[in-house]
Amino acid sequence: MVNITLPDGSVRSFEKPVSGAELAASIGPGLAKAALAVKIDGQMKDLALPIAKDAKVAIVTAKDPDALELIRHDAAHVLAQAVQELFPGTQITFGPAIENGFYYDFARKEPFTPEDFARIEQRMREIVDRNLPIERSIWERDRLKAWFREHGESFKAEWIDELPKGEEISVYRQGDWLDMCVGPHLPATGKLPKAFKLTKVSGTYWRGNPKNPVLQRIYGTAWASEKDLKEYLHQIEEAEKRDHRKIGREMNLFHLQEEAVGSVFWHPNGWTLWRTLERYMRARLEAAGYVEVKTPQLVDRKLWEESGHWDKFKDAMFLATPRAETAHAEDGERIYAIKPMNCPGAVQIFKQGLKSYRDLPLRMAEFGSCHRYEPSGAMHGIMRVRAFTQDDAHIFCTEPQIEAESVAFCDLLRTIYKDLGFADFFVKFSDRPAVRAGSDAVWDQAEGALRAAAEAAGLDLQLNPGEGAFYGPKLEFVLRDAIGRDWQCGTLQVDFVLPERLDASYIGEDGQRHRPVMLHRAILGSFERFTGILIEHFAGKFPLWLAPVQAVAATIVSDADGYAGEVEAALAAAGLRAKTDLRNEKINYKIREHSLAKVPILLILGRKEAEERKVTIRRLGEERQESLALDEAVAKLKELAKPPVPLA
RNA sequence: GCCGCAGUAGCUCAGUCGGUAGAGCACCUGAUUUGUAAUCAGGGGGUCGGCGGUUCGAUCCCGUCCUGCGGCACCA
């Protein structure tokens with residue numbers, strides 16, 4: 001007797017083990033047709049699997065959000081089958097469901113091109129139409145290996161050896177195509193909705209290792225319905241419209257050029273945005289008890305050797321030396337490196353003069369300009385560059401102070417993210433990596449302290465094993481933007497290693513020398529990247545206090561030109577960034593242009609306004625307008641443009 | 001760095017089956033003084049990413065380098 005509890009709480013009893021398909025059929029023919037899989041005690045399983053024990057069972061249909069993973073995984077298999085039918089000699093390797101879709105990695109000499117996509121998609125649809133039953137079976141290890149060998153599938157054959165001994169190997173077959181796979185899968189290819197689309201092709205390494213052969217990965221997206229697919233494609237388009245590289249050009253914020261790969265040319269508008277952000281950060285840091293410093297760009301290699309950076313990161317460091325012919329004698333063998341990080345410099349400042357326990361915690365901030373020789377393929381607009389400015393700070397403190405400092409930092413970070421328009425963030429805890437400095441005892445201590453601090457700050461932690469910095473564990477703060485994308489920005493790292501290596505010390509209450517602990521922390525990460533994130537988050541429509549150009553006074557007739565100048569001056573006197581547009585153009589033209597440039601406030605000035613000393617305000621994205629006396633308008637805009645904290 | 005794709009005017013893009021290029025917007029000039037998302041007319045502007053090769057002739061074909069784009073890998 002098997003008792004099946006359905007999601008509505010009702011119980012059905014069967015004499016013999018029953019499959020999900022039979023169960024669905026017993027409930028109704030509609031459900032039997034719609035059934036894609038079953039969830040047995042919350043676990044997704046094949047519809048054909050006999051259920052022998054009492055269980056809570058739910059029939060999964062395309063409407064179930066969990067069905068998407070199934071659909072996407074099956075889409076990957078159908079893709080692989082289609083590719084092998086169309087391109088004989090192509091080997092299959094691995095193809096999972098991923099967020100929004102799926103991919104499959106193939107081994108084939110000739111490249112796939114996006115032009116092949118239409119043909120492959122067509123064949124995928126045919127395979128769906130064939131409605132091939134998808135059957136699971138258990139294969140004996142050597143037999144399966146031999147089968148793959150015979151069929152020229154060397155990657156699959158190799159993989160079998162990697163699977164834990166003694167584990168069952170399941171094979172899913174659809175028609176005469178099969179793949180080794182843990183499943184679950186749909187009951188037949190005909191159940192796969194045709195709401196899929198191949199999106200891109202890229203290179204990848206077998207098992208992710210650059211030493212291994214290069215495979216070709218075909219990406220696709222798959223959904224339960226045509227409508228969902230359309231919606232997703234539309235979202236992608238919207239994301240493209242927010243691209244900071246595009247908006248950066250349109251709003252004249254910055255540019256990049258090949259003579260300075262990985263460095264940003266900031267235009268007046270972009271630099272205004274930067275400076276506003278910097279002044280804001282400065283104000284917040286000052287209020288939180290930080291001091292600000294600036295450390296050198298060019299530092300003798302010797303210091304990097306002492307700090308340990310040379311050892312681990314010299315490949316990513318830019319070197320600078322005087323030309324040999326003209327170098328002064330004292331520079332003989334000296335090699336300078338352009339700083340990739342600010343921490344060793346901060347320690348040098350800490351080490352000047354004797355520090356007392358009374359000086360701790362010492363919160364030393366630096367908008368530190370760093371250079372790193374990033375791999376060429378890593379560059380991306382202003383988000384990933386070789387020259388960047390961190391909103392860095394190093395807190396020198398005692399071990400008992402770690403917790404309070406961490407809690408205070410989390411508060412500061414929360415405030416700043418909120419001010420900048422990000423309500424949503426989560427936190428990852430990264431512990432010791434394989435390659436690291438410092439003893440295990442020191443790591444135990446550091447990880448323990450950071451974890452305790454995170455708990456005290458009331459953070460929910462996601463574990464991120466092995467991803468810590470070489471000198472210590474870290475918290476990583478990840479923002480969620482307006483269209484749901486995640487950006488890792490803030491970080492808090494506990495470091496017992498660097499003070500030791502660089503011999504930083506303070507005099508304790510006992511009159512003896514002690515090692516301070518160093519907390520490395522950043523909130524924005526880098527100004528370059530964070531500016532890019534702000535651009536994409538707001539789609540260029542910045543909050544008034546951040547907008548590079550806050551208001552434009554646009555005239556309708558040239559008779560209002562003089563008055564427009566007065567308006568501009570009044571706005572400037574109130575601390576607003578304003579311009580005039582006196583061009584000989586129609587007001588329609590001016591409104592269109594400044595709207596596209598995402599200027600938040602337009603002041604329309606015609607003969608009437610000039611005569612009555614009024615302005616007509618039109619806010620970006622609104623057709624509604626408002627006519628106010630000049631003084632009143634300036635006061636109102638000043639209030640609207642007020643930053644979250646008075647700017648330093 | 002790796003795989004693939006791309007590079008034509010400031011921007012977006014068309015074009016040349018090898019005979020030194022074109023549109024729209026932008027820019028300049030003139031006319032127009034205009035009331036809430038593009039006024040009209042005229043004009044200037046390109047060593048068709050760099051270098052080398054094939055060819056009578058290369059923007060087009062071949063090689064190579066650079067840069068960008070999408071992933072992978074990387075992200076102290």
Side-chain angles (χ1 to χ4, degrees), chain A residues 103 105 110-115 199-219 243 245-246 249-250 252 255-262 304 307-317 339-344 370 372-381 383-386 388 390 433 435-437 467-472 474 476 488 491 493 495 498 520 525-526 529 554-561 582-597 602 604-609 616-618 620-625 627:
Chain A
Y103 66 77
D105 289 345
E110 300 73 30
F112 292 110
T113 66
E115 285 70 55
T199 51
K200 53 199 167 199
V201 58
S202 82
T204 181
Y205 305 108
W206 169 236
R207 306 167 69 103
N209 187 335
K211 289 191 183 113
N212 286 343
V214 170
L215 306 173
Q216 298 186 65
R217 175 172 297 177
I218 298 180
Y219 284 91
D243 192 312
R245 293 165 297 192
K246 185 172 173 290
R249 193 170 46 235
E250 288 166 356
N252 198 8
H255 85 270
L256 299 156
Q257 69 184 49
E258 59 181 84
E259 289 82 357
V261 174
W304 305 111
S307 70
H309 290 92
W310 185 263
D311 215 26
K312 295 198 172 53
F313 304 110
K314 59 175 174 293
D315 290 349
M317 287 166 70
K339 70 171 168 178
M341 289 180 66
N342 309 302
C343 22
C370 296
R372 297 179 190 170
Y373 186 60
E374 300 284 358
S376 56
M379 243 78 72
H380 177 82
M383 301 271 210
R384 192 76 187 274
V385 284
R386 287 179 174 156
F388 55 92
Q390 293 178 317
V435 181
R436 58 181 182 261
E467 296 295 321
F470 77 92
Y471 48 74
K474 50 185 180 181
E476 289 165 331
Q488 187 177 310
T491 182
Q493 311 174 4
D495 182 2
L498 209 55
H520 305 242
S526 96
R529 181 158 173 276
T555 52
I556 297 171
V557 291
S558 52
D559 289 352
D561 286 2
L582 312 181
R583 289 175 304 170
N584 178 9
E585 296 290 351
K586 291 182 130 180
I587 196 63
N588 283 323
Y589 181 91
K590 295 185 184 183
I591 287 170
R592 177 181 154 82
E593 193 156 287
H594 298 300
S595 299
L596 290 174
L602 285 184
I604 311 294
L605 308 176
R607 215 167 257 133
K608 201 174 112 209
E609 284 81 359
T616 299
I617 298 177
R618 182 188 164 118
L620 180 59
E622 290 177 22
E623 279 177 46
R624 187 175 57 84
Q625 6 158 356
S627 202

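A note on names: the letters A, B, ... follow the listed sequences, proteins ahead of strands, and every chain is numbered from 1. Every heavy atom of this structure was used, including side-chain atoms; hydrogens, water molecules and symmetry mates were not.
The side chain of A:F313 approaches B:A76 more closely than any other nucleotide in the set B:C2, B:U36, B:A76. Across B:U33, B:C72, B:A37, the shortest atom-to-atom separation from the side chain of A:L596 is found for B:A37. Side-chain proximity of A:A316 to the nucleotides B:A37, B:A76, B:C11 is greatest for B:A76. Picking from B:C74, B:A76, B:G35 the nucleotide with the shortest atom distance to the side chain of A:K474 gives B:A76. Of the candidates B:U39, B:G35, B:C72, B:C72 carries the atom nearest the A:T204 side chain, counting heavy atoms from C-beta on. Listed nucleotides: B:A76, B:A37, B:G35. Nearest to the side chain of A:E609: B:G35. Closest to the A:E585 side chain, of the nucleotides B:G35, B:U39, B:U33, is B:U39.
With rounding to the nearest 0.5 Å, the separation of OG1 in A:T616 from CG in A:L605 is 7.5 Å. Distance check, rounded to the nearest 0.5 Å: CD of A:E593 to CZ of A:R583 gives 4.0 Å. Separation of atoms CG (A:N212) and OH (A:Y205) is listed at 10.0 Å; rounding is to 0.5 Å. For the atom pair CD (A:Q390) and NZ (A:K339), the distance works out to 8.5 Å, reported to the nearest 0.5 Å. In this structure, A:W304 CH2 and A:M341 CE are separated by 8.0 Å, a value rounded to the nearest 0.5 Å.
Taking atom P in both B:G10 and B:G42, one finds a spacing of 23 Å when rounded to whole Å. For the P atoms, the distance from B:G22 to B:A9 is 14 Å, rounded to whole Å. When the C1' atom is compared between B:G46 and B:C61, the two are found 22 Å apart, to the nearest whole Å. Across B:G53 and B:G68, the matching P atoms stand 28 Å from one another, rounded to whole Å. Between B:U12 and B:U8, the two C1' atoms lie 12 Å apart (nearest whole Å). Across the C1' atoms, B:U47 and B:U33 are found 45 Å apart, a figure rounded to whole Å. With C1' as the reference atom, B:C28 and B:G35 are 28 Å apart, rounded to whole Å. B:G52 sits 14 Å from B:C66 when the C1' atoms are compared, rounded to a whole Å.
Taking 3.5 Å as the limit, the base of B:G35 and the side chain of A:Q625 contain no donor-acceptor pair of atoms between them. Counting atom types as modelled, A:Y205 pairs a side-chain N or O with a base atom of B:G1 as donor and acceptor under 3.5 Å. For a distance-only test at 3.5 Å, the side chain of A:R436 fails to qualify as a donor-acceptor partner of the base of B:A76. Under 3.5 Å, the side chain of A:R384 and the base of B:C74 form at least one donor-acceptor pair of N or O atoms.
Taking 4.0 angstrom as the limit, A:H380 places a side-chain polar atom (N or O) nearer than this to OP1 or OP2 of B:G70. In terms of phosphate contacts, A:Y589 brings a side-chain nitrogen or oxygen within less than 4.0 Å of OP1 or OP2 of B:A26. In this model, the phosphate group of B:G68 is not approached by any side-chain N or O of A:R245 to a distance below 4.0 Å at OP1 or OP2. OP1 or OP2 of B:U12 sits under 4.0 Å from a side-chain N or O of A:R249. When the side-chain nitrogen and oxygen atoms of A:N588 are compared with OP1 and OP2 of B:A37, one or more of them lie within a distance under 4.0 Å. Contact between the side-chain N/O atoms of A:K246 and the OP1/OP2 oxygens of B:U12 is not found at any separation under 4.0 Å. Residue A:S376 has a polar side-chain atom (N or O) positioned under 4.0 Å from OP1 or OP2 of B:G1.
Ring orientation note: the planes of A:Y471 and A:H520 are close to parallel, at an angle under 30° on the 30°/60° scale.
A:P210 comes within 4.0 angstrom of sugar-phosphate atoms only, judged by non-hydrogen atoms across all strands, and of no base. Residue-level contact check: A:S202 touches the bases, meaning some heavy atom is under 4.0 Å from a base atom. Note on A:G208: only backbone sugar-phosphate atoms sit closer than 4.0 angstrom, heavy atoms only; bases stay farther off.
When every heavy atom of A:M317 is checked against every heavy atom of A:P340, the shortest pair comes out as CG-CG, 3.7 Å.
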| said: One character per nucleotide, please: for nucleotides 43-48 of chain B, 5' to 3', B when the base has a protein heavy atom closer than 4.0 Å, S when only the sugar-phosphate does, - otherwise. | reply: ------
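For the pair A:V385/A:R529, no side-chain contact is recorded, criterion being any heavy-atom separation below 4.5 Å from C-beta on. Looking at heavy atoms from C-beta onward, A:Y219 lies out of side-chain contact with A:V201 at the 4.5 angstrom threshold.
Within a 6.0 Å radius of CZ in A:F313, more than 12 heavy atoms belonging to other residues, nucleotides or ligands are found. Counted within 6.0 Å of CD on A:Q257, heavy atoms from surrounding residues, nucleotides or ligands total more than 12; the atom is thus considered enclosed.
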| note | Symbol by symbol from the 5' end, with Watson-Crick or G-U pairs under 3.5 Å, [ ] crossing and | another strand, RNA chain B is (((((((..((((.....[..)))).(((((.......))))).....(((((..]....))))))))))))....
